[in-house]
Structures are given as structure tokens and as C-alpha cells.
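Note that this is a predicted model, so its numbers are computed, not measured.
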Amino acid sequence: MKKLTAKLSVAIFIATAICSCGGSAKTAEKQEKVADHVMLLGTFDKDSAYRYVAEQVAFGPRVPGTAAHDECGRYLVDCLRRFGADTVYEQKAVVEAFNGDKLPITNIFARYNPEAVNRVLLVAHWDSRPWANMESTEDKRTMPVPGANDGGSGVGVLLEIARNLGLKAPDCGVDILFTDAEDYGNSNGFVNNDESWCLGTQYWVKNMPYNSVNRPSYGILLDMVGGSGARFHRELLSNNVAKAPTVKIWSEAKSLGFDDVFINKVGGAVVDDHVFLNKAGIPTTDIIEHMSEVTGDFPATWHTLDDDMQHISTTTLDAVGKTVLNVIYKEKAIL
């Protein structure tokens with residue numbers, strides 16, 4: 001789900017200044033300055049990540065129950081297999097949406113280095129919103145969202161990370177989860193509608209392939225991580241419930257010169273896949289743009305027909321991908 005928790009957002013917004021931190025030129029300049037003393041681990045390719053986003057969008061909106069959704073699912077499974085995952089499987093189910101729709105969903109799961117005791121779970125939702133409910137005119141609000149940023153960007157970054165893991169195995173174990181039916185929720189007022197979102201993740205945590213012994217040490221959720229000019233504040237629930245991985249990610253971003261993208265201030269609370277993973281005992285951080293300099297909230301393209309490739313930035317994908325990949329490669333096999 002994509003919303004600021006209403007009871008918290010006003011107080012947090014007042015307490016948290018929106019940081020005006022420059023653009024891509026500044027990021028590139030800072031990267032050059034840190035290059036001499038910071039080692040980039042892996043070969044994250046921002047253009048490849050962009051292409052993976054574009055290839056998802058080319059199928060059309062990935063709404064459960066549509067041909068575009070089925071075709072994209074096959075594409076994602078094929079990519080993970082080609083990128084050397086030790087295990088890839090599809091968790092299929094039928095779930096009921098808030099409006100009574102029966103949704104055929106598929107959670108896609110891949111594992112790297114399955115024998116490692118220390119594991120990290122990387123998550124992104126791969127479905128897209130069935131209705132552009134934030135459009136200004138009523139006739140457009142029933143149209144499906146292209147989902148380039150909201151859905152496609154997180155998956156695109158994780159596919160490029162998966163390609164890297166296939167070329168160079170990490171010391172730790174890495175599980176990649178593409179969740180379904182995240183964006184089929186009830187946006188009417190949001191109050192008491194939290195569980196109408198993240199349906200794939202809710203199904204997953206009830207049937208996940210973990211127990212109290214082998215579950216991942218922590219998780220990283222990527223959602224809306226490709227927008228032009230995006231800035232990522234530390235999401236409030238992540239900061240409270242998954243403090244250690246949150247600090248680790250934002251510290252790594254700073255060391256790589258991405259501190260003008262990863263803003264080291266606590267933002268608002270968001271109901272997203274990480275909420276249900278945290279409840280299941282996997283402390284999970286949500287990297288999500290939710291304190292936009294333009295809107296003070298989610299990006300202007302959120303749940304609109306403008307959520308397309310024109311608004312995806314390789315600079316943003318690069319900052320997120322390199323940060324997360326560095327975090328993964330620095331993890332050891334055993335805690």
C-alpha cells in the first residue's frame with residue numbers, strides 16, 4: 001500500500017524538514033570525490049536496471065487476472081533463472097480483494113546461496129494499480145496505472161542485483177521475493193483499510209518457507225525507487241521496528257556519496273509490504289519515496305497515468321541499486 005498513516009503524517013511533516021538537496025549533477029560530482037576511497041562491490045548497471053523496468057512496462061499494466069500480468073510473470077521467472085538463482089518457484093493462490101474481486105496471484109521467490117545461515121530478504125511488488133485514482137478527471141480514474149515507478153522500479157533494481165549475484169555469489173544468503181496484489185487496495189479514506197493492500201505479502205507470510213530458525217536476518221523492500229529527483233527519507237515504521245538495517249542502508253548510501261538521495265532524517269509512516277513482514281518476524285526496511293520535495297507526500301505520478309518511463313531516472317536507480325548491492329556484498333555467511 002502507498003499511504004502516509006493519517007494520524008502520524010501531520011506531526012511528522014511538521015517535525016521533519018524537507019531537504020532541498022540538489023540534483024543528478026551534484027550526485028555525480030560527489031560520486032567522483034568518494035571514488036578514491038570507497039569500493040563499489042559488484043557491477044550494478046543503471047542502464048540495465050532501466051531496461052528491466054521498461055520491459056515490464058511494455059507488457060502493459062500488470063493487474064492480476066490480465067494477460068499482461070501473466071506474461072510479465074513468466075518474464076520475471078525467466079530472468080531469475082537466467083541470472084543463476086539456485087531456486088526459483090511461484091507461489092500461486094486466489095485471494096479476495098476488498099471489493100469482492102477474486103484475484104489469481106503469483107508471488108515469485110528466488111534464492112541465492114541457500115546454505116548460508118545469515119540471509120537477507122529483498123522484496124518488491126510486481127503488480128500495478130488497476131485504477132488511476134489520483135487522476136484529476138473522473139473518466140481517467142478507472143484506467144489502470146502503467147506502474148513504471150510504482151512496481152516496476154523496485155523489480156528492475158532487484159533484477160539487476162540478481163544478475164550481479166549470478167556473476168559473483170554473496171557470502172550471505174539472499175532471497176528475492178516479488179510480491180503480487182500489493183496495489184489492489186481500497187483508497188477510500190484509508191482508515192481501517194490497511195489490510196486491503198499487500199494481499200500477496202499477507203498470503204506469503206502465512207505460507208512462507210521459513211521457521212523461527214531459518215528466517216532472514218532482515219529484509220529490504222524497494223518501492224517507488226526510480227522517480228526523477230527522488231529523495232528517500234527513513235520511513236518511520238522501518239526506523240522503529242527495523243532500526244539496524246535502516247541505519248546500515250542509509251550509512252552505506254552516505255559512504256558511497258548518495259546522501260543527497262538517501263536523506264538521513266525520519267519521514268512519515270507508510271503501510272506497505274514491510275508492515276506484514278515485520279509482523280512475521282522479519283525486520284524489514286522500506287526504501288520508498290514518501291516525502292517528495294514537490295508534493296510533501298508521494299511523488300506526483302503516484303496512482304496516475306503519468307507513472308510511465310518518462311519519469312524514471314537512471315540516476316535514482318543507480319543510487320538505490322549500488323547502495324543495496326554494497327550492503328549485500330558486505331554481509332558475511334554467519335552472523
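- Comment: R163 engages E160 in a salt bridge, judged by a side-chain N to carboxylate O separation of less than 4.0 angstrom.
- Nearest heavy-atom pair, A85 versus A110, reported as atom, atom and distance to 0.1 Å: CB-CB, 3.9 Å.
- With respect to the salt-bridge test (charged N to carboxylate O, under 4.0 angstrom), the residues K322 and E252 do not qualify.
- The distance between the ring centers of Y184 and W131 falls below 6.0 angstrom.
- Counting only N and O atoms by type, the side chains of N239 and R234 include a donor and acceptor under 3.5 Å apart.
- At distances below 3.5 Å, not a single donor-acceptor pair connects side-chain atoms of R111 with backbone N or O atoms of F109.
- Distance check: F98 CZ to N188 CG gives 7.0 Å after rounding to the nearest 0.5 Å.
- No side-chain donor-acceptor contact under 3.5 Å links D307 to the backbone of V145.
- R82 has a carboxylate O that lies under 4.0 Å from a charged side-chain N of D78, or vice versa, which qualifies the two as a salt bridge.
- Put simply, the side chain of N107 gets close to the backbone of D180: a donor and an acceptor are under 3.5 Å apart.
- Side chain of N211 to backbone of V213: a donor-acceptor contact under 3.5 angstrom is found.
- Listed by first then second residue, pairs satisfying ring pair (Phe, Tyr, Trp, His ring centres under 6.0 Å) with a partner in residues 316-335 number zero, not counting sequence neighbours.
- In terms of modelled atom types and a separation under 3.5 Å, the side chain of H311 and the main chain of D306 share a donor-acceptor contact.
- Hydrophobic clustering of Ile, Leu, Val, Met, Phe, Trp and Tyr side chains at less than 4.5 Å, counting indirect connections, unites L40 with V320.
- Using a 4.5 Å heavy-atom cutoff, the side chains of F178 and V77 are not in contact.
- A donor-acceptor pair under 3.5 Å is formed between the side chain of W250 and the backbone N or O of I263.
- A 6.0 Å sphere centred on CE of M208 holds more than 12 heavy atoms belonging to other residues, nucleotides or ligands.
- Taking 4.5 Å as the limit, every side-chain heavy atom of V155 sits out of range of all side-chain heavy atoms of V53.
- The environment of CD in E55 is crowded: more than 12 heavy-atom neighbours from other residues, nucleotides or ligands sit within 6.0 Å.
- D127 places no side-chain N or O within donor-acceptor distance of the main-chain N or O of P64, the cut-off being under 3.5 Å.
- Within the model, atoms CD1 of I287 and CD1 of I220 stand 6.0 Å from one another, a figure rounded to the nearest 0.5 Å.
- Remark: C79 SG to R74 CZ distance equals 13.5 Å, nearest 0.5 Å.
- N186 CG to N99 CG: the interatomic distance, rounded to the nearest 0.5 Å, is 8.5 Å.
- D297 and T295 are not linked by any side-chain donor-acceptor pair at a separation below 3.5 angstrom, with hydrogens and angles left out of the test.
- Two residues are said to be in side-chain contact when any heavy atoms from C-beta on lie closer than 4.5 Å; E182 and D273 meet this criterion.
- Residues N264 and H233 have side chains that never bring a donor and an acceptor to within less than 3.5 angstrom of each other.
- Nearest heavy-atom pair across N133 and S187 is ND2-OG, 3.6 Å.
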| said: Please evaluate residues L305 and K140 with respect to the criterion side-chain contact (heavy atoms from CB on, under 4.5 Å), reporting the C-alpha separation (whole Å), side-chain torsions for both, the decisive distance (0.1 Å), and the verdict. | reply: CA-CA 8 Å; L305 301 180; K140 292 182 178 179; 4.1 Å; yes
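- Residues satisfying the salt bridge (Lys or Arg N to Asp or Glu O under 4.0 Å) criterion with K92, sequence neighbours excluded, are E90.
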| side-chain contact (heavy atoms from CB on, under 4.5 Å) evaluation trace for I249 with F262 | CA-CA 9 Å; I249 293 162; F262 284 78; 4.0 Å; yes
| query | Could you go step by step and tell me if L277 and T201 meet the side-chain contact (heavy atoms from CB on, under 4.5 Å) rule? | reply | CA-CA 8 Å; L277 292 166; T201 300; 4.1 Å; yes
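- Counting heavy atoms from C-beta outward, F298 and I288 have side chains that approach closer than 4.5 Å.
- The shortest non-hydrogen separation linking N214 to P209 is ND2-O, 3.9 Å.
- Side chain of N326 to main chain of M39: a donor-acceptor pair is present (N/O by atom type, distance under 3.5 Å, no hydrogens or angles).
- Between P283 and A242, the closest heavy-atom pair is C-CB, 3.7 Å.
- The CG atom of D286 sits 8.5 Å away from atom CE of M224, with the distance rounded to the nearest 0.5 Å.
- Inspection of the H303 and E135 side chains reveals no N or O donor paired with an N or O acceptor under 3.5 Å.
- Taking all atoms of both residues into account, the shortest heavy-atom contact from E96 to L199 is O-CD1, 4.1 Å.
- Side-chain contact between L165 and P170: present, with at least one pair of heavy atoms (C-beta onward) separated by less than 4.5 Å.
- At a threshold of 4.0 Å, the pair R119-D175 counts as salt-bridged, since one of the basic side-chain nitrogens sits closer than that to a carboxylate oxygen.
- With rounding to the nearest 0.5 angstrom, the CG atom of L222 is 10.5 Å from the CG atom of L317.
- Under the 4.5 Å side-chain heavy-atom criterion for grouping Ile, Leu, Val, Met, Phe, Trp and Tyr, V95 is not connected to V275 through any hydrophobic cluster.
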| request: Let me see the working for Y218 and T284 under side-chain contact (heavy atoms from CB on, under 4.5 Å), right down to the final yes or no. | output: CA-CA 6 Å; Y218 63 90; T284 302; over 6 Å; no
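- Listed here is the closest heavy atom pair of K102 and P104: O-CD, 3.6 Å.
- With sequence neighbours excluded, no residue satisfies side chain to side chain donor-acceptor pair (under 3.5 Å) with Y52.
- Q56 contributes a side-chain N or O that, together with a main-chain N or O of G152, makes up a donor-acceptor pair within less than 3.5 Å.
- Tracing side-chain contacts under 4.5 Å through hydrophobic residues (I, L, V, M, F, W, Y), one reaches V174 starting from L41; they form part of the same cluster.
- Residues I334 and N118 form no side-chain contact, since every pair of their non-hydrogen atoms from C-beta on lies 4.5 Å or further apart.
- L221 and Y112 fall into different hydrophobic clusters, defined by Ile, Leu, Val, Met, Phe, Trp and Tyr side-chain heavy atoms under 4.5 Å apart, directly or through other members.
- A donor and an acceptor atom, one from each side chain of S153 and N149, are located under 3.5 Å apart.
- Both L159 and V157 are members of a single hydrophobic cluster when ILVMFWY side chains are connected at heavy-atom separations under 4.5 Å.
- Contact annotation: the side chain of H125 approaches that of D150 to within less than 4.5 Å [non-hydrogen atoms, C-beta and beyond].
- Using modelled atom types and a 3.5 Å distance limit, the side chains of T246 and S238 yield no donor-acceptor pair.
- For the pair V270/L237, no side-chain contact is recorded, criterion being any heavy-atom separation below 4.5 Å from C-beta on.
- For the pair S128 (side chain) and P146 (backbone), a donor-acceptor distance under 3.5 Å is absent.
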